[in-house]
Number of protein chains: 2
Amino acid sequence: VDRLLDSVKWDNKGLAVAIAQNVDTGAILMQGFANRDALATTISSRKATFYSRSRSTLWTKGETSQNFINVQDIFLDCDRDSIIYLGKPDGPTCHTGSETCYYTSVLDALKDQPVGSFISLAHTAVLFGIPESELDSSDRFKEIIWQ
Amino acid sequence: VDRLLDSVKWDNKGLAVAIAQNVDTGAILMQGFANRDALATTISSRKATFYSRSRSTLWTKGETSQNFINVQDIFLDCDRDSIIYLGKPDGPTCHTGSETCYYTSVLDALKDQPVGSFISLAHTAVLFGIPESELDSSDRFKEIIWQ
């Protein structure tokens, strides 16, 4: 494990980007940062664990909410400075109760929709594993109220 | 657009994490950083554009390889400091010719497999939009040679 942890290109603060992805749907759930201890903890506990830059401490997603992300695999990118935690979430990942923290469409916001009130059907299709080819293009930006 | 760009919580270097995701398969293709200009360029050109920290310049994925990522939507996370470029890639995103830069499984590497020679079927299922429930658990870590 030490050799693996040594092979990650930690930045000058000892961090790498860590992205949590739902293994069943492909949805990107959240993004944080990992240091060596956070990755080691994720490998041993199989619960997605990050390093909080604001609190200067490790934190395991779900330690408060019980909505853990149960990690089934971990991927490094080609230059070994970015990490995917691929797992099954126990419940909504976002503190708002949303499945994912990424519910705000920039392009919808620019259409003068209230920011955050709409989510594109294309992204919803990804969230629920529906091939985009099954969607009518007219449905792609169908309104879906999330709050 | 300016108001939207102002609403992003750029870090003290003016950057936010930017993740490119395949709209059809959900695969995370690559991760880079965006500054205000990179996000503005992506919004106007609909080609995933990043800020290179090593070269201190904007770069559009595909400007050399022609493997552009054609952005269909852009998502911000709940605290507005992380961005998803959701798009259709024209070809392999990774400079190695791989569909995604994330082909190295940490957990496979820790099983003493040669690093980078194996990719878990669970992740492959995500890449190709196959529900993981359709896989035999015995197949989950089936060998797939990627190079």
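It should be emphasised that the depicted structure is a prediction, and the values quoted were computed from it without experimental measurement.
- Looking at heavy atoms from C-beta onward, B/F75 lies out of side-chain contact with A/T100 at the 4.5 angstrom threshold.
- The distance from the CD1 atom of A/I84 to the OG1 atom of B/T104 is 10.5 Å, given to the nearest 0.5 Å.
- In this structure, B/L76 CG and A/C101 SG are separated by 12.0 Å, a value rounded to the nearest 0.5 Å.
- If you measure heavy-atom distances from A/L39 to chain B, you find no contacts under 4.5 Å at all.
- Separating the CD1 atom in A/I19 from the CD1 atom in B/I19 is a distance of 4.0 Å, to the nearest 0.5 Å.
- For the pair B/R46/A/L107, a side-chain contact is recorded, criterion being any heavy-atom separation below 4.5 Å from C-beta on.
- Linking Ile, Leu, Val, Met, Phe, Trp and Tyr whenever their side-chain heavy atoms come within less than 4.5 Å puts B/V8 and B/Y85 in one cluster.
- Summarising the geometry, atom CD belonging to A/Q21 is positioned 3.5 Å from atom CD1 belonging to B/I28; distances are rounded to the nearest 0.5 Å.
- The two atoms that bring A/L110 and B/V1 nearest to each other are CD2-CA, 3.7 Å, heavy atoms only.
- The hydrophobic clustering, which links ILVMFWY residues whose side-chain heavy atoms are closer than 4.5 Å, places B/L29 and B/F68 apart.
- For a residue to count as touching a neighbouring chain, one of its non-hydrogen atoms must lie under 4.5 Å from one of that chain's; by this rule B/F33 touches chain A with the side chain only.
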